[in-house]
Enquirer: 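Next up is a structure, given as structure tokens.
Numbers restart at 1 for each chain; the letters A, B, ... are given by sequence-line order, proteins then strands.
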Number of protein chains: 2
Amino acid sequence: MATGRTHRPATRSRGIPEATVARLPLYLRALTALSERSVPTVSSEELATAAGVNSAKLRKDFSYLGSYGTRGVGYDVEYLVYQISRELGLTQDWPVVIVGIGNLGAALANYGGFASRGFRVAALIDADPGMAGKPVAGIPVQHTDELEKIITENGVSIGVIATPAGAAQQVCDRLVAAGITSILNFAPTVLTVPDGVDVRKVDLSIELQILAFHEQRKAGEEVAAPEEAAGAVPPPPVAHRAPSAGPGADSGRQGPDGDVPAVMPA
Amino acid sequence: MATGRTHRPATRSRGIPEATVARLPLYLRALTALSERSVPTVSSEELATAAGVNSAKLRKDFSYLGSYGTRGVGYDVEYLVYQISRELGLTQDWPVVIVGIGNLGAALANYGGFASRGFRVAALIDADPGMAGKPVAGIPVQHTDELEKIITENGVSIGVIATPAGAAQQVCDRLVAAGITSILNFAPTVLTVPDGVDVRKVDLSIELQILAFHEQRKAGEEVAAPEEAAGAVPPPPVAHRAPSAGPGADSGRQGPDGDVPAVMPA
DNA sequence: CCATCTTTGTGCACGCGTTCACAAAGACAT
DNA sequence: ATGTCTTTGTGAACGCGTGCACAAAGATGG
């Protein structure tokens with residue numbers, strides 16, 4: 001439902017594939033490291049290894065940016081750092097606000113990777129009045145009431161949500177209404193946003209579950225897992241069996257609303 | 001170089017596509033929420049909306065698990081929760097160790113999403129002797145020297161790395177040597193691991209850079225960005241110009257080793 | 001028991017992303 | 001200047017993932 005702006009493929013921006021965009025930061029990091037070691041040029045092979053990808057993929061990725069690189073030699077490190085930075089929009093300043101200053105929010109505020117690129121933490125926002133004024137990572141926390149004002153006055157377009165799942169959508173709505181068009185969501189919830197707003201999600205729980213899946217598969221290869229063992233909850237899909245399980249039955253001792261966010265904001 | 005075990009496609013496990021596996025946790029969360037509201041059944045349409053995906057995709061995903069679901073009715077919530085949990089391997093206990101107890105490590109230790117599924121924090125490990133014994137999230141931090149012992153004694157197979165980038169690979173090697181086969185890496189580095197070990201990466205900086213790219217694109221649509229403005233570093237790719245930039249030249253004021261990790265472990 | 005209606009399960013086509021493999025480009029030596 | 005050697009840039013093939021569209025399955029009502 002609802003594609004990007006004027007019914008464009010949404011993905012695929014200026015011809016640069018989304019998958020490529022996602023790898024550019026990886027190349028940039030590797031290149032920055034080389035730059036600091038004053039390495040003048042790199043071959044696609046070397047750089048690919050450093051970035052952990054295939055050299056053919058790397059060359060194709062770079063081909064979308066243009067023909068930088070010299071055949072028989074490789075790529076000029078400094079030049080490439082500049083080109084990728086420009087393509088990613090890192091040559092300009094990006095003020096960012098972090099909403100939800102709990103353990104995670106504080107960790108993010110202290111994150112060194114912010115300032116290293118063009119990102120600048122413009123403000124820390126929390127719903128707890130008790131947090132107001134208290135400095136975290138050298139920046140005083142401000143109350144949620146100030147949210148709209150902070151965003152408009154600082155021209156912030158990127159917001160980071162590190163609140164509990166329950167508050168995420170509400171915060172998201174306010175951010176969007178205030179003018180935010182890019183959101184990095186750490187709360188374990190599916191955010192609904194209008195067209196034109198980008199949302200990227202980071203979910204620890206999901207990552208762990210994916211790992212568990214593969215882990216189980218590895219273990220199962222030898223044991224051939226007891227397919228239909230004496231499971232505790234193997235009720236066949238008999239239709240309409242309404243009062244099957246009251247809350248707290250065998251569905252395990254799980255949190256009240258799915259997951260607790262990465263941290264409690266209070 | 002080097003595919004999965006006995007030269008298997010590595011991805012594609014038991015016929016369940018990797019993309020599907022990545023979505024199962026999403027479905028599980030939505031289903032858990034429904035379960036807590038004692039909703040007996042859901043249609044693919046409803047569940048898809050709750051999970052933020054397409055209904056056709058959801059049905060196809062479930063088809064890989066088997067034919068649960070009743071035509072004309074939908075899916076039995078409890079039954080599906082059980083099936084997905086089992087498929088993901090969440091019906092068993094997964095002890096996890098977190099290495100690097102800085103801001104981020106502490107935030108992860110406090111993360112409620114751990115315990116809610118089958119994940120249990122077996123130990124917190126840090127290289128700082130001063131941290132030893134100090135409780136974080138109710139669990140005493142142990143020194144890195146104990147790493148191998150902790151892992152083998154608790155039968156831990158999943159490790160979380162929240163150390164600085166510089167220490168990540170070293171920690172990774174020790175974890176793998178000790179028997180860990182799944183790693184969730186928060187350090188901004190490319191980890192090299194032997195076959196059979198899964199690594200998933202969470203990188204805040206990369207996510208922000210991707211957002212910045214799209215953000216810039218949105219802004220550029222109206223201004224038609226000054227392609228070749230009076231940039232500061234537009235050196236054409238003249239080959240071999242070795243001493244182009246000494247450390248700290250115009251490569252910007254960036255961290256010593258690319259990115260600082262999400263947190264300092266000391 | 002039959003008709004109708006809802007919703008699943010999936011065959012099929014399409015598009016993106018990955019990889020191979022090689023021709024073109026340029027550096028470098030003679 | 002010419003030949004050789006290295007490395008890029010890319011055309012083409014392939015495979016995975018997505019979404020459409022519909023037949024089959026089963027519930028529900030008469």
Enquirer: Taking CG from L58(B) and P from dT8(C), how many angstroms apart are they, rounded to a whole number?
Expert: 9 Å
Enquirer: Using atom types as modelled and distance alone, determine if a side-chain donor or acceptor of W94(B) lies under 3.5 Å from a backbone N or O of R117(B).
Expert: no
Enquirer: Please pick, from dA21(D), dA27(D), dT18(C), the nucleotide with the shortest atom-to-atom distance to any side-chain atom of T70(B).
Expert: dA27(D)
Enquirer: Counting distance alone, no hydrogens or angles: does the base of dT8(C) have a donor or acceptor under 3.5 Å from a partner atom on the side chain of R71(B)?
Expert: yes
Enquirer: Mind checking if Y75(A) touches a base, just sugar-phosphate, or nothing, with heavy atoms under 4.0 Å?
Expert: sugar-phosphate
Enquirer: Using side-chain contact (heavy atoms from CB on, under 4.5 Å) as the criterion, list what pairs up with T192(B), not counting sequence neighbours.
Expert: Q169(B)
Enquirer: Would you mind reading off the distance between D76(A) atom CG and dA27(C) atom C1', rounded to a whole angstrom?
Expert: 15 Å
Enquirer: Rounded to whole Å, how long is the line connecting atom CG of D61(B) with atom P of dG17(D)?
Expert: 10 Å
Enquirer: Quick one: on DNA chain C, does S63(B) or R59(A) contact a more 5' nucleotide (nearest heavy atom)?
Expert: S63(B)
Enquirer: Looking only at the side chain of S43(A) (C-beta and beyond, no hydrogens), which of the listed nucleotides dT8(C), dT10(D), dT8(D) gets closest?
Expert: dT8(D)
Enquirer: Side chains of Q209(B) and S205(B): do they bring a donor and an acceptor to under 3.5 Å?
Expert: yes
Enquirer: Would you kindly check whether a donor in the side chain of K57(A) faces an acceptor in the base of dG17(C), or vice versa, at under 3.5 angstrom?
Expert: no
Enquirer: Any side-chain N or O of S44(B) under 4.0 Å from OP1/OP2 of dT7(C)?
Expert: no
Enquirer: Do the side chains of D203(A) and R29(B) get nearer than 4.5 Å, heavy atoms only?
Expert: yes
Enquirer: Please report, rounded to the nearest Å, how far the C1' atom of dC16(C) is from the CZ atom of R23(A).
Expert: 12 Å
Enquirer: I need the CD-C1' distance between E18(A) and dG17(C), as an integer number of Å.
Expert: 12 Å
Enquirer: Between V42(B) and N54(A), which has a closest nucleotide on DNA chain C that is more 5'?
Expert: V42(B)
Enquirer: From NZ of K60(A) over to C1' of dT10(D), roughly how many Å is that when rounded to an integer?
Expert: 5 Å
Enquirer: Could you tell me whether a side-chain N or O of Q92(B) sits under 3.5 Å from a main-chain N or O of G118(B), the two making a donor and an acceptor?
Expert: no
Enquirer: In whole angstroms, how far is the P atom of dT8(D) from the OH atom of Y64(A)?
Expert: 17 Å
Enquirer: When the distance from OH of Y68(A) to P of dG9(D) is rounded to whole Å, what number comes out?
Expert: 11 Å
